[in-house]
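A quick write-up on the structure given underneath.
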Amino acid sequence: MSGKTGEERPAATPQPPAEAGLPAAAGGRPKAPVRRQSSRRRFLRSAFLVGGVLGLAMLGYVPVAGARRTRLRPPGALEENDFLSSCIKCGQCVQVCPVAAIRLDDIDSGFGIGVPLIDARAQACDFSCDAVQCILACPTGSLTYRKPASLATRPGMPLARAPLLKAKEKDAEPTLNLAERMGIARLARPDSCLAVLGKGFRGQARGADFRGRLRYVERDRWRPVAVRDHPYERDLCNLCVTECPIGDAITMQVRVAADGSRQHRPQVLEQCVGCGVCEMICPVDPAAIVIAARQPWAI
Amino acid sequence: MSASERLRVMFGAAPLKPERITPEAQQVHRLKRMSKADFAALKQHARDHQLVNHKWRNRRWAVLILVNLLFTFSFWLDIQMLEGSLTASRFVGFHLIDLNSALQVMLAHRHVIVNLFIGTATVFVLWVALGGRSFCSWVCPYHLVAEWFEWLHLRLVAKRLVSDHEFHRGARSIFWLTFALLAVLSGYTVFETISPTGILSRALIYGPSLALGWVLLLLLFEVLYSRRAWCRYVCPIGLTYGMVGAISPLRVEYRLEHCFHEGDCRKVCMVPHVLDVVIKGRAADLKTPIGPDCTRCGLCVDVCPSGALVFDIKGLDRLL
């Protein structure tokens with residue numbers, strides 16, 4: 001719009017600048033033709049303003065329509081379109097997350113600006129709140145335990161049964177109140193997976209300067225600690241299996257080959273909710289196992 | 001100005017001259033028709049005794065900054081007083097939801113849960129009591145930043161480096177309708193994508209983002225091209241709260257007898273059309289409430305040398 005500055009400038013010259021702040025109706029002095037011209041210019045300017053602002057606002061559709069990036073949304077998120085339309089972009093889910101896994105998207109995702117997402121590699125949702133407090137905090141129902149019947153659910157998104165939280169195994173109510181997955185883990189790079197290669201792992205899973213946190217049940221049931229403060233020592237790497245917060249979500253498959261050698265391979269099961277802990281904890285870079293955000297379970 | 005006339009002006013119509021002026025007001029108008037020399041002397045007297053004060057501006061800035069800091073510190077320091085951001089929040093556990101954001105979500109999503117309804121109703125009641133568009137000047141962070149940049153714009157205008165370009169105020173009503181329609185038709189909260197209020201509020205609480213570049217562009221546009229353009233001609237939040245303002249008892253009141261018609265109030269005002277009544281000969285009555293588009297910022301109250309503009313609560317004088 002600033003490109004029109006030059007041609008519009010003469011329109012304002014008949015008026016002394018001191019009056020610039022006053023409404024046109026108060027001027028009253030310019031002669032009729034001048035006035036007509038200036039009001040026509042004002043109309044054109046206004047039309048450009050309306051067109052320009054609305055055009056810019058609709059640019060937000062581009063990243064959405066392209067859907068080039070599938071974001072991992074917090075637990076209990078509605079289907080993507082419903083999620084974008086219902087999210088009021090307040091960030092209350094961000095504020096209650098004990099591991100700060102949720103952050104808000106930026107203007108480059110168009111209508112998705114201000115909408116929460118989880119970058120699992122940097123900080124996964126480890127359910128250290130137990131009750132999934134982001135869902136409780138959401139004021140518009142974008143995150144919800146149970147979708148209203150009128151809203152769409154894709155097949156393969158609901159879980160067969162409520163996920164069992166390993167940290168609550170001994171509790172009377174050991175399950176999460178969440179019946180839908182956020183996505184599904186996939187062994188995307190089996191060639192780099194330490195277990196597949198038959199290798200062990202020693203040391204800090206993600207290096208000394210990794211800021212991600214995880215709740216280690218054997219240390220403290222409630223408080224997550226920095227992953228770098230919890231070094232590992234494994235003869236065969238199985239971090240994705242042992243650190244998964246959900247029961248029956250991932251196992252280590254063992255296959256005995258013809259020559260008697262044993263082959264190991266992490267296998268994702270139907271109970272995987274897609275929280276991303278396996279992706280965060282995977283010691284190889286890039287991670288061998290990743291979350292396919294918002295993807296349903298498919299055998 | 002009748003209530004319907006004030007609404008008409010809010011939606012973008014040019015203010016009309018009153019058809020009927022009360023005898024009391026006519027009397028005052030008549031008395032003010034003095035000789036030029038007398039009037040100049042009176043005006044000079046008022047000028048000499050003018051108290052340049054920033055009472056309401058300072059209070060307003062303090063409130064605005066405190067409210068936004070309360071949001072920020074609630075999260076940073078984890079004091080959990082005011083969680084969330086300006087679009088939706090919880091004040092010590094009680095839901096508050098911005099009316100325009102709620103409207104966008106309701107139109108786009110077409111599903112209203114209890115918390116959304118409670119929060120919207122609370123904010124509605126709050127701003128009916130506190131004065132409708134007061135949200136703009138007492139809470140909105142973009143308003144404050146734009147107010148600071150406005151100073152720069154006015155300096156450049158005074159030096160004739162730039163000139164102010166006005167738009168038709170009806171544009172804001174068109175924006176309001178179009179954004180509402182877009183929410184219904186597209187199913188997305190389109191306005192929130194470019195709302196500097198939401199962007200700034202989130203940036204203050206959750207840290208800077210690329211979106212601040214858009215806010216900076218808006219400010220540049222206002223400095224170089226059109227004074228306070230976003231708040232005056234675009235922002236549908238302002239119009240939403242303006243509608244609430246139409247039923248708020250708190251407002252600024254104009255007192256004809258005290259006025260010297262110098263027009264300083266209209267120079268500082270972000271929405272000067274609401275002050276049309278201060279033009280000499282315009283007031284239809286001795287006391288006129290300023291229209292619902294007024295943000296109750298108090299700049300006119302501060303600048304008026306003769307106390308012709310004051311904060312007022314509708315019906316309070318009858319109660320006292």
Side-chain angles (χ1 to χ4, degrees), chain A residues 1-2 4-5 8-9 11-13 15 17-18 20-26 39 42-43 45-47 49-50 53-54 56-61 64 81-82 84-92 94-96 103-104 106-108 110-114 137-142 144 148 150-151, chain B residues 14-15 75 83-85 87-90 95 97 101-102 105 108-109 111 113 115-116 119 157-158 160 163-168 170-171 174-175 178 182 186-194 198-199 202 205-206 209-211 213-214 220-221 224-225 227 229 233-234 266-267 272-273 276 279:
Chain A
M1 271 167 288
S2 51
K4 281 174 279 297
T5 317
E8 296 293 354
R9 199 163 278 163
T13 33
Q15 293 177 346
L22 303 183
S39 92
R42 191 182 64 160
F43 175 79
R45 263 202 309 273
S46 306
L49 180 80
V50 171
V53 172
L54 289 177
L56 283 168
M58 288 312 283
L59 273 184
Y61 198 69
V64 174
N81 277 345
D82 289 327
L84 289 181
S85 66
S86 61
C87 175
I88 203 161
K89 303 154 171 50
C90 65
Q92 289 185 66
V94 175
Q95 302 205 0
V96 293
R103 60 184 187 80
L104 298 181
D106 210 339
I107 202 166
D108 56 342
F111 297 152
I113 183 178
C138 181
T140 60
S142 290
T144 177
S150 58
L151 299 181
Chain B
F75 183 40
E83 292 165 280
S85 70
T87 50
S89 57
R90 265 185 306 168
H95 281 285
I97 295 176
S101 305
V105 163
H109 187 46
H111 184 82
I113 67 163
N115 284 344
L116 178 61
V157 168
R160 294 180 179 247
S163 50
D164 181 33
H165 296 80
E166 286 187 8
F167 296 95
H168 195 290
I174 294 174
F175 276 120
T178 317
L182 282 176
S186 74
Y188 296 108
T189 54
V190 179
F191 171 67
E192 296 297 332
T193 314
I194 56 162
I199 290 172
R202 283 191 299 271
I205 300 159
Y206 308 111
S209 63
L210 287 177
W214 164 243
L220 265 180
F221 181 75
L224 300 178
Y225 192 74
R227 183 182 178 185
Y233 310 111
V234 183
R266 288 152 47 96
K267 283 186 197 135
H273 51 275
D276 221 56
I279 296 170

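Every chain is numbered from 1 and lettered A, B, ... according to where its sequence line falls, protein lines coming before strand lines. Keep in mind the model is a prediction, meaning the values are calculated, not measured. These numbers come from the heavy atoms of this one structure, side chains and all, not from hydrogens, waters or symmetry mates.
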Practice task
Hey, could you give me the NE2/OG1 distance between H95(B) and T140(A), rounded to the nearest 0.5 Å?
Solution key: 10.0 Å
Practice task
Quick one: closest heavy-atom pair of Q92(A) and R90(B), and the distance?
Solution key: OE1-NE, 3.2 Å
Fill in the blank from the handout: Cut-off 4.5 Å, heavy atoms of chain A, and the answer for V190(B) is both
Problem - Side-chain donor or acceptor of D82(A) paired with backbone N/O of H109(B) under 3.5 Å - result: no
Practice task
Over all heavy atoms of both residues, which pair between A171(B) and V50(A) is shortest? Give the atoms and the distance, please.
Solution key: CB-CG2, 4.0 Å
Completion exercise
Residues D106(A) and A211(B): closest non-hydrogen pair is OD1-N, 3.1 Å
Practice task
Select one option (side chain, backbone, both, neither) describing which atoms of H168(B) are under 4.5 Å from chain A's heavy atoms.
Solution key: both
Practice task
Name the region of A137(A), side chain, backbone, both or neither, that has any atom closer than 4.5 Å to a heavy atom of chain B.
Solution key: both
Fill in the blank from the handout: One option among P148(A), A47(A), S142(A) has the most heavy-atom pairs under 4.5 Å with chain B, and it is P148(A)
Handout entry: Gap between atom OG of S46(A) and atom CD1 of I174(B) - 0.5 Å precision
Key = 8.0 Å
Exercise for the section: Heavy atoms only: give me the nearest C90(A)-A88(B) pair and the separation to one decimal. Expected result: CB-O, 3.1 Å
Exercise for the section: Check for a donor-acceptor pair, side chain of T87(B) on one end and backbone N or O of I88(A) on the other, with a separation under 3.5 Å. Expected result: yes
Handout entry: chain B contact via S150(A) - which portion, at a heavy-atom distance below 4.5 Å
Key = side chain
Practice task
Please flag which part of L59(A) lies under 4.5 Å from any non-hydrogen atom of chain B: side chain, backbone, both or neither.
Solution key: neither
Practice task
Measure distances from I194(B) to the heavy atoms of chain A and classify the residue's part below 4.5 Å as side chain, backbone, both or neither.
Solution key: side chain
Fill in the blank from the handout: Comparing G141(A), C138(A), G91(A) against chain B, the one with the most heavy-atom pairs below 4.5 Å turns out to be G91(A)
Handout entry: Residues in side-chain hydrogen bond (donor to acceptor under 3.5 Å, both in side chains) contact with T193(B), at least two apart in sequence or another chain
Key = none
Practice task
Pick one of side chain, backbone, both or neither for T178(B), based on which atoms fall under 4.5 Å of a heavy atom in chain A.
Solution key: side chain
Problem - Closest-packed option against chain B by number of heavy-atom pairs under 4.5 Å, given S39(A), G112(A), G110(A) - result: G110(A)
Handout entry: F175(B) vs L49(A) side-chain heavy atoms within contact, under 4.5 Å
Key = yes
Practice task
Quick one: closest heavy-atom pair of P139(A) and I97(B), and the distance?
Solution key: CB-CD1, 4.0 Å
Handout entry: Residues in side-chain hydrogen bond (donor to acceptor under 3.5 Å, both in side chains) contact with Y233(B), at least two apart in sequence or another chain
Key = none
Handout entry: Any side-chain heavy-atom pair of F111(A) and T189(B) under 4.5 Å
Key = no
Exercise for the section: Could you tell me which portion of L210(B) (side chain, backbone, both or neither) has an atom closer than 4.5 angstrom to a non-hydrogen atom of chain A? Expected result: both
Handout entry: Test item: Y206(B) side-chain N/O and L104(A) main-chain N/O as donor-acceptor pair under 3.5 Å
Key = no
Handout entry: Step-by-step side chain to side chain contact (heavy atoms under 4.5 Å, CB included) determination, M58(A) to L182(B)
Key = CA-CA 9 Å; M58(A) 288 312 283; L182(B) 282 176; 3.8 Å; yes
Handout entry: Whether R202(B) side chain and K89(A) backbone form a donor-acceptor pair below 3.5 Å
Key = yes
Handout entry: Approximate separation, where rounding is to 0.5 Å, of Q95(A) CD and S89(B) OG
Key = 9.5 Å
Handout entry: Proximity breakdown for I199(B) and chain A, heavy-atom pairs closer than 4.5 Å
Key = side chain
